[in-house]
Enquirer: 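Pasting a structure below so you can have a look.
Hydrogens, waters and symmetry mates are skipped; everything else that's a heavy atom, side chains included, is used. Fair warning: this is a prediction, and the values are worked out from it, not measured in the lab. Every chain is numbered from 1, with letters handed out A, B, ... down the list of sequences.
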There are 4 protein chains.
Amino acid sequence: MTLQVAVCGPRECTDVEQARARTVGRLLAEAGAVVLTGGGAGVMAAASAGAREAGGLAVGVLPGARTEANPDLSVALATHLGEARNAVLVASADVVVVVGGSWGTLSEVALARRRGTPVVTLGGWQVRDAAGRELPDAPLAAATPEQAVEAALAAVRGG
Amino acid sequence: MTLQVAVCGPRECTDVEQARARTVGRLLAEAGAVVLTGGGAGVMAAASAGAREAGGLAVGVLPGARTEANPDLSVALATHLGEARNAVLVASADVVVVVGGSWGTLSEVALARRRGTPVVTLGGWQVRDAAGRELPDAPLAAATPEQAVEAALAAVRGG
Amino acid sequence: MTLQVAVCGPRECTDVEQARARTVGRLLAEAGAVVLTGGGAGVMAAASAGAREAGGLAVGVLPGARTEANPDLSVALATHLGEARNAVLVASADVVVVVGGSWGTLSEVALARRRGTPVVTLGGWQVRDAAGRELPDAPLAAATPEQAVEAALAAVRGG
Amino acid sequence: MTLQVAVCGPRECTDVEQARARTVGRLLAEAGAVVLTGGGAGVMAAASAGAREAGGLAVGVLPGARTEANPDLSVALATHLGEARNAVLVASADVVVVVGGSWGTLSEVALARRRGTPVVTLGGWQVRDAAGRELPDAPLAAATPEQAVEAALAAVRGG
């Protein structure tokens, strides 16, 4: 079964996040993975562009119609499920890489961890328990796109 | 339109969380609200029991079949959507009250805030930005069930 | 477990269909069933009105926001799932009563029969196999609202 | 935007239907279309195999986990939405080609027609109104895989 990796992050993002997402998408495609995103702008568009750049497949799982799809998608699923599509996106991924933070992105982190799917974050939001302590099954934090992709591939391969 | 309030929290919870959820459910029903939950055990069952105790309506939005429904539900929606039902649950609520923390619960907090729906937490997990700062649109924290319900009703009534 | 019956039918319907749906909703509520509909206008609104008239519960499973809800709903689920909500609606029902025909209604008939859920039709569309023959597991046809409700209750009770 | 065509049909199908679905998948891929299916066995697997045979993309929109995916998929969406995935599948298609009949397949026909998406059938079930008449917006009937693909492409191109 082909490796499928979701790259999640906000529609409105910084230039640094956009550059990171593009590199993450490119490195994942070079490693032979299909890159799944929410199909929109910002981090999603950058990761798709990176995947296409490397000749890989970029699949968008959109909340609404295909008219909202970013231009680099090989396939655009027009779920018309609204934000419920976040659950479909992460359930289809072997591992999730997060670039940046937003409420939508956090829902994807939480839905992935709920399923036991590994999550690697690159500068995203932090989650603590009620006492402010780190959670035992928190996402893995990476410092660079290279580290994030390496950690993601290792998590899937059980490495 | 009748007020609809979602009470979210983990299936596996402490006795304190269970007691708090029951009081939250009861107070909401006494205030005339329909109490929506994920329909399962733990916090969800306790909030439903509280609502029924006060003669109110308890609606469960289940991830799977009705056989999983807790016994105090007036209506059980068997969505068969898996965790995507979390989005359906919070999208149907005017405000969300959270008792305790889990990844599933956090996804509901995030999906609600993504929609701009107010969230009141009673001992749940905390979310910080990448730098460890509090978020400007974070959920409201309450210390008691009474405070939580009061804050929830105020948030809806714009009070 | 309380009996839950979905009443399905088109938004745009005839006066006869509206009157039939209202009677179906009323008779179901009198029999103690929760009446589920898609929450919109036409057949859905009439069935909800009938259920409320008899002091019963009318639950709407809406494709979008609660602002689209008909006025007689006790509870309005704002799924934001678009037409995927048809699957949620019929999966929550012990039996489905259909009044009139439309493509949306037919999808509900098909999704219910796919699950093995009994379907009773009152003047709806007909489905034939490729050779034009009736299907062995086709919906039951009723001639009056009274017959439809009787057949629906019998189907659930195995009578 | 790349053309996306859904090929729908039953899991349990005849040898003739399987051969037809394979040819439909192959011809669609040769025409440059992405072939979407429900990702399972029978007609779905055959259409995917045909698409891969021609070097095209075969995308499966599964009701559950990726372990149920047929072996010829380029991408497998594990929606975990149950039969609600039928709505996601057809909403993502520019046109739907149906090979054979079943309740699940009929729900896809109905959901597509509900959206106004063109549907071409190759031996599927028939739908009539309450009086037994053909519907004005019924699917187009084709007699061979070649005719079905030609009609599907013409419907999309407005030809």
Enquirer: Can you tell me how far CZ of B:R20 sits from CD of B:E146, rounded to the nearest 0.5 angstrom?
Expert: 10.0 Å

Enquirer: List for me each residue that meets salt bridge (Lys or Arg N to Asp or Glu O under 4.0 Å) alongside C:R26, sequence neighbours excluded, and say none if there are none.
Expert: C:E30, C:E53

Enquirer: Would you please name every residue forming a side chain to side chain contact (heavy atoms under 4.5 Å, CB included) with C:A148, sequence neighbours left out?
Expert: C:V97, C:V120, C:L122, C:A142

Enquirer: Heavy-atom distances under 4.5 Å only: say whether B:V61 touches chain C with side chain, backbone, both or neither.
Expert: side chain

Enquirer: Taking atom CD of C:Q4 and atom CG of C:L89, what is their separation to the nearest 0.5 Å?
Expert: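 Output value for this atom pair is 10.5 Å.
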
Enquirer: Could you name the residues of residues 101-119 of chain C that have a heavy atom within less than 4.5 Å of a heavy atom in chain B?
Expert: C:R115

Enquirer: Keeping the roles fixed (side chain from C:R85, backbone from C:G38), state whether a donor-acceptor pair exists under 3.5 Å.
Expert: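 Such a contact is found between C:R85 side chain and C:G38 backbone.
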
Enquirer: Hey, does the side chain of C:T37 reach the backbone of C:G39 with a donor-acceptor pair shorter than 3.5 angstrom?
Expert: yes

Enquirer: Calculate, to the nearest 0.5 Å, the distance between atoms CG and CG belonging to B:L28 and B:L57 respectively.
Expert: 12.5 Å

Enquirer: What distance separates C:L3 CG from C:R157 CZ, expressed to the nearest 0.5 Å?
Expert: 6.5 Å

Enquirer: Any heavy-atom pair between the side chains of B:E150 and B:L27 that's under 4.5 Å?
Expert: no

Enquirer: What is the distance from atom CZ of B:R133 to atom CZ of B:R128, rounded to the nearest 0.5 Å?
Expert: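 Answer rounded to 0.5 Å: 11.5 Å.
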
Enquirer: For chain B, which residues from residues 64-81 of chain C have at least one heavy atom closer than 4.5 Å to it?
Expert: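 So far as heavy atoms go, C:R66, C:S74, C:V75, C:A76, C:L77, C:A78, C:T79, C:H80, C:L81 are the residues that approach chain B to under 4.5 Å.
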
